[in-house]
There are 2 protein chains.
Amino acid sequence: MSTTTRWLDDEEQRAWRAWIDLNAQLSARLNRELQAASGLSIADYEILVALTDRDVPDRTLRMYELGERLQWEKSRVSKQVSRMEARGLVERRHCADDRRGAFVDLTEAGQAAIDAAAPGHVALVRELFFEGLSADQVRSLGRFATTVLGRLAD
Amino acid sequence: MSTTTRWLDDEEQRAWRAWIDLNAQLSARLNRELQAASGLSIADYEILVALTDRDVPDRTLRMYELGERLQWEKSRVSKQVSRMEARGLVERRHCADDRRGAFVDLTEAGQAAIDAAAPGHVALVRELFFEGLSADQVRSLGRFATTVLGRLAD
DNA sequence: GATCGATCGTTGCCATGTCAACTACTCTCC
DNA sequence: GGAGAGTAGTTGACATGGCAACGATCGATC
């Protein structure tokens, strides 16, 4: 075991703090504005996007597929779907093939909600995050994030 | 009002998803490991760091100062401090000057907890985040985060 | 076709966060 | 020195998230 710790130097300290603060504030802001503009939370939005990514007329996914795509715990998926079902955004449907399983279907109301919410949300992401970034910077940001993400998967 | 939305192109899409996923997974991982190794949550850790940053023997801050430094809602500070006080990590103390106010003091146990937790946490941050980044990359990452942070403050 | 481990989904318990309302105090200004 | 606005902190209601335990079912294997 080591006896000394290699602390973060000033530059690293600054970068790390800025990173942490940015994430906290960016997600808080996106959540707040999305909520105010459309009554959806980020969690709602992510579920709806996952369902909408399916080709028409298959706006449906198994619970476990939702969990895999979003990298969510199964209990998290289950609870989120319950809340959204209560608001009419999605519906659960029994699965005939696998009697343990359940499908989650996008409803008309859910489709309408995501259609209404998406343009404003994307515009805000653009304004807050991509504004002033060159294509090169976007690419290298993406590369960096993907690299770290890869390390996390191990 | 505009009739068309400028959606994210593929490159932006990728960068944005990677960013979102990275933050979700990185904070989950840091939280999990910190919790397992030291019994502290990230929230605990941040409060303790803020208090430790004060010069000895002033390991104390007003509630509202904690809120300003961490950019937390006051109710969030209040509840976090309550939980930590129950575990003996900090103590509340009445403020004589301003009788509405309260100080939060770091306890011996709190000091010991942060001392025990910090080396492992920093090592993990290094391993997961800074690994393989050049000084230049650290600097430009910091600049980017600071820029966006600035936009968020408006 | 019975058994046993793996998988799917739900639930309860608890920690965390936000928002709004509330109490108690301080400060400003007349 | 008192009214009214603002500030410090707490609380309650509610949404969210993780973890572990559970019931039901599936599937591989003998």
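Keep in mind that what you see is a predicted model, and the values were worked out from it rather than measured. Proteins get letters first, then strands, A, B, ... in listed order; numbering begins at 1 in each.
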>> Closest approach to the side chain of S78(A), judged atom by atom: which nucleotide of dT10(C), dT26(C), dC19(C) is it?
In response: dT10(C)

>> Taking atom types as they are modelled, would you say the side chain of K79(B) forms a donor-acceptor pair with the base of dT18(C) within the 3.5 Å cutoff?
In response: yes

> Is it true that E12(B) and R126(A) have a side-chain N and a carboxylate O under 4.0 angstrom from each other?
Replying inline: yes

> Hey, is the main chain of T60(B) close enough, under 3.5 Å, to the side chain of D105(B) for a donor-acceptor pair?
Replying inline: no

>> Give me each pair satisfying ring pair (Phe, Tyr, Trp, His ring centres under 6.0 Å) with a member in residues 24-51 of chain B, each pair once, sequence neighbours excluded.
In response: Y45(B)-H121(B)

>> Test your reading of the model: is there a side-chain donor-acceptor pair from E46(A) to the backbone of A43(A), 3.5 Å cut-off?
In response: no

> How close or far is atom P of dC19(C) from atom CH2 of W72(B), stated in whole angstroms?
Replying inline: 15 Å

>> List the residues meeting salt bridge (charged side-chain N to carboxylate O under 4.0 Å, His left out) with R76(A), not counting sequence neighbours, and say none if there are none.
In response: none

> Rounded to whole angstrom units, what separation is found between the CG atom of N31(B) and the P atom of dA15(C)?
Replying inline: 14 Å

>> Rounded to whole Å, please give me the gap between CD in E73(A) and P in dG12(C).
In response: 18 Å

> Does the S82(A) side chain pair with the main chain of S78(A), one donor and one acceptor, at a distance under 3.5 Å?
Replying inline: yes

> To 10°, what angle do the rotation axes through the five end pairs on each side of the helix from dG1(C)-dC30(D) to dC30(C)-dG1(D) form?
Replying inline: 10°

> Okay, side chain of N23(A), backbone of W19(A): is any donor-acceptor separation there less than 3.5 Å?
Replying inline: yes

> By salt bridge (charged side-chain N to carboxylate O under 4.0 Å, His left out), which residues pair with R92(B), not counting sequence neighbours?
Replying inline: E85(B)

>> The criterion is side chain to side chain donor-acceptor pair (under 3.5 Å); which residues satisfy it with R59(B), sequence neighbours excluded?
In response: Q111(B)

> Does a side chain donor of either R83(A) or Q80(A) reach within less than 3.5 Å of an acceptor in the other side chain?
Replying inline: yes

>> Using only modelled atom types and a 3.5 angstrom limit, is any donor from either the side chain of R100(A) or the base of dT7(C) paired with an acceptor on the other?
In response: yes

> Does anyone know the first and last nucleotide of DNA chain D in reach of chain A, 5' to 3', at under 4.0 angstrom to a heavy atom?
Replying inline: dT16(D) to dC26(D)

> Which of residues 44-55 of chain B sit near DNA chain D, with a heavy atom under 4.0 Å from it?
Replying inline: none

> Between V148(B) and L128(A), what is the shortest heavy-atom contact and its length?
Replying inline: CG1-O, 3.3 Å

>> Return whichever of V81(A) or A28(A) has its heavy-atom-nearest nucleotide of DNA chain C closer to the 5' end.
In response: V81(A)

> In residues 57-70 of chain B, which ones come under 4.0 Å of DNA chain C, going by heavy atoms?
Replying inline: none

> Between residues 82-98 of chain B and DNA chain D, which residues have a heavy-atom gap below 4.0 Å?
Replying inline: R92(B)

>> Checking R87(A) now: which residues fulfil side chain to side chain donor-acceptor pair (under 3.5 Å) with it, not counting sequence neighbours?
In response: D44(A)

>> Both R99(A) and S41(A) contact DNA chain D. Taking the nearest nucleotide for each, which residue is further toward the 5' end?
In response: S41(A)

>> Run the ring pair (Phe, Tyr, Trp, His ring centres under 6.0 Å) test against F130(A) and tell me which residues pass, sequence neighbours left out.
In response: none

> Shortest non-hydrogen contact from L48(A) to I114(A)?
Replying inline: CB-CD1, 3.9 Å

>> Under the rule for side chain to side chain donor-acceptor pair (under 3.5 Å), what residues qualify as partners of R139(B), not counting sequence neighbours?
In response: D136(B)

>> Please report whether the ring centroid of F144(B) lies less than 6.0 Å from that of F129(A).
In response: yes

